[in-house]
Amino acid sequence: MAPPQQSQRSPSPSQPSGKGEVSDLKSQLRQLAGSRAPGVDDSKRELFKKVISYMTIGIDVSPLFGEMVMCSAASDIVLKKMCYLYVGNYAKVNPDLALLTINFLQRDCKDEDPMIRGLALRSLCSLRVANLVEYLVGPLGSGLKDSNSYVRMVAVIGVLKLYHISASTCVDAEFPSTLKHLMLNDPDALVVANCLSALQEIWTLEASTAEEAAREREALLSKPVVYYFLNRIKEFSEWAQCLVLELAAKYVPSDSNEIFDIMNLLEDRLQHANGAVVLATTKVFLQLTLSMADVHQQVYERIKAPLLTLVSSGSPEQSYAVLSHLHLLVMRAPYIFSGDYKHFYCQYNEPSYVKKLKLEMLTAVANESNTYEIVTELCEYAANVDIPIARESIRAVGKIALQQYDVNAIVDRLLQFLEMEKDYVTAEALVLVKDLLRKYPQWSQDCIAVVGNISSKNVQEPKAKAALIWMLGEYSQDMQDAPYALESLVENWDEEHSPEVRLHLLTAVMKCFFKKPPETQKALGAALAAGLADYHQDVHDRALFYYRLLQYNVSVAERVVNPPKQAVSVFADTQSSEVKDRIFDEFNSLSVVYQKPSYMFTDKEHRGPFEFSDELGNLSIGAESADTVVPAQSVEANDKDLLLSTTEKEDGRDLGSNGSAYSAPSYSSAATSQSHEELALTNASVLGQAPASSFAIDDLLGLDFPVGGTAAAPPPPPPSLRLNPKAVLDPGTFQQKWRQLPISSSQEYSMSPQGVALLTSPNALLKHMKDISIHCIASGGQSPNFKYFFFAQKAEETSTFLVEYIINTSSAKSQIKIKADDQSSSEAFSTLFQSALSKFGSP
Amino acid sequence: MISQFFVLSQRGDNIVFRDYRSDVQKGSAETFFRKVKFWKEDDEGDAPPLFNVDGVNYFHVKVSGLLFVATTRANVSPSLVLELLQRIARVIKDYLGILNEDSLRKNFVLVYELLDEVIDFGYVQTTSTEVLKSYVFNEPIVVDAARLPTLGPASIFMQGAKRMPGTAITKSVVANEPGGRKRDEIFVDVVEKISVTFNSSGFILTSEIDGTIQMKSYLTGNPEIRLALNEDLSIGRNDYRSSGAVLLDDCNFHESVHLDNFDIDRTLTLVPPDGEFPVMNYRMTQAFKPPFRINALIEEAGPLKAEVIIKVRAEFLPSINANTVIIEMPLPTYTIRVNFELEPGAVGTTDFKEANKRLEWGIKKIVGGTEHTLRAKLTFSQEIHGNIMKEAGPISMSFTIPMYNASKLQVKYLQIAKSKAKNPHRWVRYVTQANSYVARL
């Protein structure tokens, strides 16, 4: 039972202020430390609990270190555990005191009870004190060989902890290779899984400095290792299964039989109740089938039902995580989900972050057959009490209108919004009607009739007001009182706070003036006067510009301010397709939820193993941004990924029947609009059209030498290949392609001394290459070794060339490796590349 | 891999805080709580379950009024972490019987012990209550369920309660009964959440049932169990049995479930692990008879007046009752006064929530087959312009109906193989809850 002094204390865990309580505890612990009285363990437990509860709420109880350690010499396992927790928390800040614990922890590591051995080993490794690492190696070594799987499991993670305290100690003790052996041989699945986690982390971190580690990391993705894990997958816990699946998603099978075998093996994982397992499996399926368009589409069909089930079972948080992934898939292939639109209807009690996703999905899946129902549903939300969602819903209706050919019914709905007489509804609807008119000018009659009835006094939001004014100006010929509406707006010029609105007002009055000069003249004069006196620079400048333009010539002014317009066919997407593809590559990660690729929100070292593309993201991307020379180590890390992936996986990259590794539906790169079937056809005919294009190349190369030096050094005959000067490729795609394509040409090349001299200025080579439409995607290195990655695209098709160029400036020796979508033209490209190099640095 | 795990009370106090990798700053709990709080205050709605602040990713789930949080700097799988947090909550509940702030504070040492075994250096080791039993030595201090304080205004944190409380069982899987004897019993709950949207003329626009077969086993010796479902159950539209009475769109299973006979006779075999877990989740969009019909009307009754009529009819057997029924309806923002009038036979308490202009009608119990009508006379502060139908509604309803399931999915029998106990208690219960039950005007 508790000793008397214990009972005097208030039992309630009131929030103590600190010092007094800590010294109180200290004396109590001292009293108990030496005691052998019966029941002393119970009192100790109570005291320890108090210490830990103080620790939790942030009170510094580190002064008790010595007493805690003294007290825990007992055999009571509960006490031990509490003491371990305490020691683990404070050892780092009290390294000297931590030394006190080493003794009894080491002794416990040899205890008979495997539980105690495991616990002691875990605590020993959690001390995180650098000068104590020498004491870890022995116990860890025997822990890895322990007959009990619990101890081994703890020891494996212990190795990882040691690595983080002192990488060299860990590597010198050859723990990584011991783990590798355990991973492939241990009978216990959890030990194996921990080995995999630990090795992935260690080798990923090591890979930046040691080539061997990089090779080992690559070896985790080799066929025997991946198969070893996949065949045992059901022995693993659901969490370890996720780990294995993540590994499998990175594996590149050699042929389609292998792909189908893996998919058949994992098929039942899609029925798992754990959403993390299902999403990891989904990722494997999606990645494996990237090159097989029709199978890839079947995968979408297959995973639809399980993902929908996960969205509707489980907690709202879990369903949000799954819904984000479903959102990504819907955005990539909306047509596959067009029949499931009802699943994306919002429920009144859902949080707004869920509703927002669903509204975007509804917008995406709308097509001829379901638009009516979707728009009807969205109109319900427009009257919603949740105003941000109501606004989003109206915008969604507008977006659907802009993507549909049959907008008849939708325009009516939008116009009804305008009549709803809710401020925010009117505001959103005005913006939409404006966009709609820019795309479908033929609807102007219907819209103008309604817009004309809106009094600008009821519209306050700048965006909406600007939209209304734009329509007044653009369609003033059809609106009787447009000049007067504008006039009254001009009269209130000083009360208009938004410069955007004032700019629009200036332009609208100008337009109106050209259409109805007599009625508008007065308003125009007033507007120009007010504009010239405006404090806002842009407004002032525009007014002045209009004024001088009118002074110069009215008809010229009309041609400038109000030229005939073409209807807008497509509005720009907010996110580029490269970014979207990056996010897709990072399926089943936070990137999907944040809708950003990982390099935008995570430091490099936290992106996980095998994230090749991310490392490239850190390099200077594109020729424009290449001014910054990248720190050498990140380049090296990157180099290794690319080098290894080519040397070890050269064979069997061509998975698809058409030689392109990318034929996923809707996969598109910004520079291309052709479909992949076309790609396959045009690839074959490339050489045929070559002769006709030599002129263009001459021209391009001419640009290269404005000083006219071409004649001095006789260049090799111009290669017969035309490149797209505006080629675009995102680093993610580059890396993926680099991994997947075989090397089509590899050559040694000796750079001219002038060229080598020029290399000291970092951008010279990049500029030189860019002038002939070969773009740099990443570069870096440290003297004397430099490395560049270039890419180029054929002028008329999607076919891409990838180049790795390594040069040693002291020997002037360099190596060119070329990979190409279209093997047949890689020779021509190689010649072109070398001829470009030969001219680099020549006068 | 995660860096830290902590549990916060509704006020933002740390109840447990475990740092696994010390690569996230210590003040993370504060940063997190402030962010969540301000999200709400900035009128952005609830904070999403995961967000990034200065390179640190924060994940959280709300369970029993507590916030379970994990942090990491790595780009991890969001499902994995959220699933893990939910699972940690479940393991703690298995141990403590009741999961709330009080029980957690009383047992935080036990919780630390659990956390040490569940996660090591940020990597998940095990979340199985069964496995953990052999590593965990603290005895739970069981809190008395009757003394539970009601959460009251803290209900903003109860979003997690959208998930069914599942079972009313509040017994720890490790603690023994007061008598020292462990009772052999097993609970199987078929929990269905239903979502229905009626259009203004009372037709069903959309309907869905999300069901779970939840199991909690206290059987000694972990015997094998056979669970038989309706034989005419079919799954997916392509099922050859699709003439069956119960047609599920899709379902998934707990990893302990063997499906060897499932295709033949719709039986599931499993060795239930200790603790609470979902045996099977399913989803059904096949048409079903909704338990309640709602008719609602709003009519202008003069320049500053309108009348709302809400009629609710319980379309289930008189032997069944619905509990804790709440009917809500947003009213026009310029409503200043409401007079309620319950028609003969109608019961419940009515209220006009001035702050968010909402009508609320709470009914403790609705007996099957009865009909209840409420008339509310609204007084406005300004004249109605535009369409009043667009200013009010929709009506939403929440309820719980024990011993009722809309899908007709049934547990035909529950067989316990070779049980050591003579006659273990078997409880099979059904309950239906409203998820989103909405009638539009």
Side-chain angles (χ1 to χ4, degrees), chain A residues 13 49 52-53 56-57 77-78 81-82 85 115 122 157 160-161 190 194 197 237-239 242 271-276 279-280 305-306 308-309 312-313 315-318 320-322 342 345 347-349 351-353 380 383 385 420-421 588-591 593-594 598 601-603 606-608, chain B residues 13-14 16-17 22 45-46 48-50 52 55 57 61 73-80 82-83 86 105 108-109 112-113 116 120-121 123-126 135 137-138 159-160 162-163 195 206 208 210 212 236 249-255 278 281 283 330 385-386 390 394 396 435-436 438 440:
Chain A
K49 263 190 198 174
I52 288 170
S53 94
T56 303
I57 55 179
I77 194 160
V78 175
K81 281 194 164 188
M82 285 195 268
L85 179 68
M115 265 312 292
R122 184 184 289 154
I157 295 293
L160 183 59
K161 289 176 187 163
L190 194 47
N194 279 353
S197 309
S237 76
E238 49 200 312
W239 311 109
C242 295
Q271 260 188 357
H272 205 288
N274 185 334
L279 280 176
L308 286 171
T309 306
S312 49
S313 60
S315 68
E317 294 91 359
Q318 286 155 298
Y320 172 62
V322 180
K342 282 192 177 175
Y345 282 2
Q347 294 177 351
Y348 78 98
N349 49 2
S352 38
Y353 52 81
E380 289 286 340
V385 280
M420 257 171 73
E421 298 196 22
N588 196 23
S589 79
L590 290 168
S591 316
V593 179
Y594 298 156
S598 58
F601 63 89
T602 308
D603 328 325
H606 293 296
R607 267 172 234 150
Chain B
D13 302 335
N14 276 358
V16 285
F17 185 98
S22 47
D46 280 331
L50 49 160
N52 184 304
N57 302 298
V61 301
R73 288 187 179 274
N75 187 17
V76 295
S77 155
S79 285
L80 188 131
L82 292 170
E83 197 89 40
Q86 206 78 47
R105 282 196 189 278
F108 71 95
V109 178
Y112 274 125
E113 208 185 346
D116 260 351
D120 196 2
F121 207 52
Y123 290 102
V124 192
Q125 302 296 298
T126 180
Y135 303 142
F137 297 91
N138 273 295
Q159 233 245 302
K162 193 177 145 197
R163 185 167 159 263
S195 301
T206 56
E208 180 168 316
D210 301 312
T212 304
D249 289 40
D250 185 51
C251 57
N252 60 36
F253 302 94
H254 187 260
E255 57 177 354
N281 296 308
R283 179 166 57 84
H385 49 78
K390 297 268 180 220
S396 58
N435 183 19
S436 159
V438 170
R440 289 180 177 156

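- For the pair N435(B) and N349(A), the tightest heavy-atom approach, listed with the atom from each and the gap, is O-ND2, 2.6 Å.
- Residue contact with chain A, scored on non-hydrogen atoms closer than 4.5 Å, is absent for P278(B).
- The candidate with the highest count of non-hydrogen atom pairs below 4.5 Å against chain B, out of V322(A), I52(A), N274(A), is N274(A).
- Atom-to-atom distance recorded for S312(A):OG and R283(B):CZ is 5.5 Å, nearest 0.5 angstrom.
- Using a 4.5 Å heavy-atom cutoff, the side chains of M82(A) and V109(B) are in contact.
- Heavy-atom pairs under 4.5 Å with chain A were tallied for V16(B), V438(B), V61(B), N14(B); the largest tally goes to V61(B).
- Rounded to the nearest 0.5 Å, atoms CZ (F137(B)) and CD1 (I77(A)) are 4.0 Å apart.
- With chain A as partner, the option from N52(B), L82(B), N138(B) having the largest number of non-hydrogen pairs under 4.5 angstrom is N52(B).
- Looking at every heavy atom in both residues, E83(B) comes nearest to A273(A) through OE2-O, 4.2 Å.
- With 3.5 Å as the limit, one finds no donor-acceptor pair spanning the side chains of S313(A) and D210(B).
- Both the backbone and the side chain of Y135(B) come within less than 4.5 Å of a heavy atom of chain A.
- Of the atoms belonging to F108(B), it is side-chain heavy atoms, and not backbone ones, that fall under 4.5 Å from chain A.
- In this structure, G275(A) and S79(B) approach most closely via the heavy-atom pair C-CB, 4.2 Å.
- The two residues Q347(A) and S195(B) come nearest to each other via the heavy atoms NE2-OG, 3.2 Å.
- When heavy atoms are compared at a cutoff of 4.5 Å, S591(A) approaches chain B by way of both its backbone and its side chain.
- Of all the heavy atoms in A74(B) and L590(A), the pair that sits closest is O-CD1, 3.7 Å.
- For H254(B), the ring pair (Phe, Tyr, Trp, His ring centres under 6.0 Å) partners are F277(B), not counting sequence neighbours.
- Heavy atoms of E208(B) lying under 4.5 Å from chain A belong exclusively to its side chain.
- Between P78(B) and Y320(A), every side-chain heavy-atom pair lies at or beyond the 4.5 Å cut-off.
- Rounded to the nearest 0.5 Å, atoms CG (N194(A)) and CD (Q125(B)) are 4.0 Å apart.
- Of all the listed residues (T206(B), T126(B), T212(B)), the one sharing the greatest number of non-hydrogen pairs under 4.5 Å with chain A is T206(B).
- One finds the CG atom of L308(A) at 8.5 Å from the CG atom of D249(B) (value rounded to the nearest 0.5 Å).
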Trace of the side-chain contact (heavy atoms from CB on, under 4.5 Å) decision for Y594(A) with N57(B): CA-CA 11 Å; Y594(A) 298 156; N57(B) 302 298; 2.8 Å; yes
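- The contact between K161(A) and chain B is made by backbone and side chain atoms together, counting heavy-atom distances below 4.5 Å.
- Heavy atoms only, all atoms of each residue included: W239(A) and L80(B) are closest at CZ3-O, 3.7 Å.
- Proximity to chain B is limited to the side chain of L190(A), based on heavy atoms less than 4.5 angstrom apart.
- In the model, N281(B) has no side-chain atom that pairs as donor or acceptor with a side-chain atom of T309(A) under 3.5 Å.
- F601(A) touches chain B through backbone and side chain together, each having a heavy atom under 4.5 Å away.
- For the pair R122(A) (side chain) and D116(B) (backbone), a donor-acceptor distance under 3.5 Å is present.
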